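Model, not experiment: these values are computed from the prediction.
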Amino acid sequence: MTPIQSVLPAITPVLPEIVLSIGALLLVLYGAWRGERSSEGVNVGALILLIFTFFLVVSQTGNVTTLNGAFIADPFARVMKALILIGSAATILLSRDYFQRERIDRFEYPILIVLCTIGMLVMASANDLISLYLGLELQSLAAYVIAAFHRDDVKSTEAGLKYFVLGALSSGMLLYGASLVYGFTGTVSFPGIVTALNGPTSFGIVLGIVFVAAGVAFKLAAVPFHMWTPDVYEGSPTPVTAFFGSAPKVAAMAMTVRVFIGAFPDVTAVWQQIIVFISIASMALGSFAAIGQRNIKRLMAYSSIGNVGYALIGLAAGSEEGVRGVVIYMVIYLAMTLGAFAVLLSLRRKDRMFETIDDLSGLSRTHPWLAFCLAAMMFSLAGIPPLAGFFAKFYVFSAAIQAGLVTLAVVGVVTSVVGAFYYLRLVKVMYFDEAKAPYERIPPGSAIVLGVSSAVVVLFFLIPAPLVAAAGDAAKSLF
């Protein structure tokens, strides 16, 4: 056996991450060589790189661990990685026109998206605490920079600084929790932690789980670690806000499921209480705090907090059905978020992007198709059948009921009703308020993202089986 043949089995599961890393380095070299003239080429190159990596991920099979057990490629990782890559590619499509108009179109942006994506893929496949932390930090460091990418804008700079300071704090909490878990189990490997926790649960392990939960809750923007979300969403450039609301949310949820189901399945009673509290608090705050918001990006920030709470209902169930519900929820949430932001990025009059709900007044009369698509996203986010958002909530609520968490499911239904108020208010403004001057034509990238997202949201009920089956396989690989 040649050296290459002996190394190949270890490299194959990590091939998507390796391809993205090499591609990012090549794009940096090309950008440095061509200077500011390279922006178009780097954008196209990053998009092709993400699409190629997507096909690499979906072509993988089996359940394989490598890198001395630190990295796992299983059906759950593949589904979540595919969603992450879709979210990142869609972000680049949404960003091009906006950055050109704002005169901040620089080649570093798509490269930062690719670097952020590498970290997110590692988060989805992490099988020990060290690889999990490395992936998280790679994703976070790139995210801090793109939040402040519009460096001449005070709000964008402030958003990046707030995100960095609070993100550093949360990383410290996660690392402290991981060190406690390592100290009381003697291992950082998830299978090793499972073996070590067969006996009675010590107070040190409980404390470690609490700190780990605090760290992942920040990355999810879940209550009570949500404080950065509205300000960062509002201050960041709108395509960056769309990115934060899509791919990193999927990666953070994948990381959360991987940690609690993969490392602590035998102490479910300990972390289940934490997840139930975070879920209820996130749903309540996301529903009530958004009612008074007039800025559309802040409203979407609170909406994302609420949606994280709904997704965590599936994790709180601690069952295969619950994880299946989480996967389905994240697929549909990704489509709804990208679709909503595709519409928001299309609404521009000359040099002014719209910022408030009132700017949507009479959109149905000036841009009927845009209004229809945004209304579909809002109805879906509210959980109104037969749109995809209804089924997303149905699967997590049913998993909670099967696990005996009836109260949690009831709270979810009640907060969904409350949250429907501000979603339906947007529809009312678009269809019943006085029309304003028309917006400019929708950019091609936004049109592609909006078309695909709308098809998923509106037509999901016709062919749900492929997604449900893929989610079921993903969940089964964790149990």
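Donor-acceptor pairing under 3.5 Å is recorded for the side chains of Ser39 and Asp105. Using modelled atom types and a 3.5 Å distance limit, the side chains of Ser304 and Asn307 yield no donor-acceptor pair.
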Sequence neighbours excluded and cut-off under 3.5 Å, please list the side-chain donor-acceptor pairs for residues 218-234, or say none.
| unit_1 | atom_1 | unit_2 | atom_2 | d |
| --- | --- | --- | --- | --- |
| Lys219 | NZ | Ser140 | OG | 3.1 |
| Trp228 | NE1 | Phe218 | O | 3.3 |
| Trp228 | NE1 | Phe225 | O | 3.4 |
| Thr229 | OG1 | His226 | O | 2.9 |
| Asp231 | OD1 | Arg298 | NH1 | 3.0 |
| Asp231 | OD2 | Lys162 | NZ | 2.9 |
| Tyr233 | OH | Lys249 | NZ | 3.2 |
| Glu234 | OE1 | Arg298 | NH1 | 2.8 |
| Glu234 | OE2 | Lys155 | NZ | 3.4 |

Taking only distance into account, with no hydrogens and no angle test, what donor-acceptor pairs under 3.5 Å do side-chain atoms of residues 82-91 form with protein atoms, sequence neighbours excluded?
| unit_1 | atom_1 | unit_2 | atom_2 | d |
| --- | --- | --- | --- | --- |
| Ser88 | OG | Ile84 | O | 3.1 |
| Ser88 | OG | Thr117 | OG1 | 2.8 |
| Thr91 | OG1 | Gly87 | O | 2.8 |

Between side-chain atoms of residues 374-383 and protein atoms elsewhere (two or more places apart, or another chain), which donor-acceptor pairs fall under 3.5 Å?
| unit_1 | atom_1 | unit_2 | atom_2 | d |
| --- | --- | --- | --- | --- |
| Ser380 | OG | Gly389 | N | 2.8 |

Going by atom type alone, with no hydrogens or angles, which donor-acceptor pairs under 3.5 Å involve a side-chain atom of residues 444-455 and a protein atom two or more places apart or on another chain?
| unit_1 | atom_1 | unit_2 | atom_2 | d |
| --- | --- | --- | --- | --- |
| Ser453 | OG | Ala335 | O | 3.4 |
| Ser453 | OG | Val449 | O | 2.9 |
| Ser454 | OG | Leu450 | O | 2.8 |

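Judged purely by atom type and a 3.5 angstrom limit, Glu320 has no side-chain atom pairing as donor or acceptor with the backbone of Ala475. Formation of a donor-acceptor pair under 3.5 Å by the Ser171 side chain with backbone atoms of Gly167 is found in this model. Ser156 places a side-chain N or O within donor-acceptor distance of the main-chain N or O of Ala147, the cut-off being under 3.5 Å.
Listed by chain and residue number, Asp74 satisfy the salt bridge (charged side-chain N to carboxylate O under 4.0 Å, His left out) test with Arg258 (two or more places apart in sequence, or in another chain). Considering only residues two or more places apart in sequence or on other chains, Asp97 meets the salt bridge (charged side-chain N to carboxylate O under 4.0 Å, His left out) condition with Arg101. Residues passing the salt bridge (charged side-chain N to carboxylate O under 4.0 Å, His left out) test with Arg294 are Asp358, sequence neighbours excluded. Scored by the salt bridge (charged side-chain N to carboxylate O under 4.0 Å, His left out) test, Lys297 finds no partners at all (sequence neighbours excluded).
A distance of 5.5 Å separates CD1 of Ile280 from CG of Leu408, quoted to the nearest 0.5 Å. In this structure, Met253 CE and Tyr329 OH are separated by 9.0 Å, a value rounded to the nearest 0.5 Å. Expressed to the nearest 0.5 Å, how far CD1 of Ile291 lies from CZ of Phe288 amounts to 6.5 Å. Of the inter-residue distances, the one linking Leu93 atom CG with Ser95 atom OG reads 8.5 Å to the nearest 0.5 angstrom. Here CD1 of Ile261 is found 11.0 Å from OG1 of Thr256. Values are rounded to the nearest 0.5 Å.
For the ring-ring contact (aromatic ring centres under 6.0 Å, His included) condition, the pairs that include at least one residue of residues 237-262, sequence neighbours left out, are Tyr163-Phe244, Phe260-Trp271. Screening residues 124-136 for side chain to side chain donor-acceptor pair (under 3.5 Å) gives Lys81-Ser125, Asp128-Ser131 as the qualifying pairs, with residues at least two apart or on separate chains. Screening residues 381-412 for ring-ring contact (aromatic ring centres under 6.0 Å, His included) gives Phe391-Phe460 as the qualifying pairs, with residues at least two apart or on separate chains. Counting only residues at least two apart or in different chains, side chain to side chain donor-acceptor pair (under 3.5 Å) contacts with residues 409-424 comprise Ser303-Tyr423, Tyr310-Thr415, Tyr310-Ser416, Lys393-Ser416.
The number of heavy atoms from other shown groups lying within 6.0 Å of CZ (Phe479) is above 12. Tyr182 OH: 12 or fewer foreign heavy atoms inside a 6.0 Å radius. The environment of CD1 in Ile51 is crowded: more than 12 heavy-atom neighbours from other residues, nucleotides or ligands sit within 6.0 Å.
Less than 6.0 angstrom separates the ring centroid of Phe99 from the ring centroid of Phe149.
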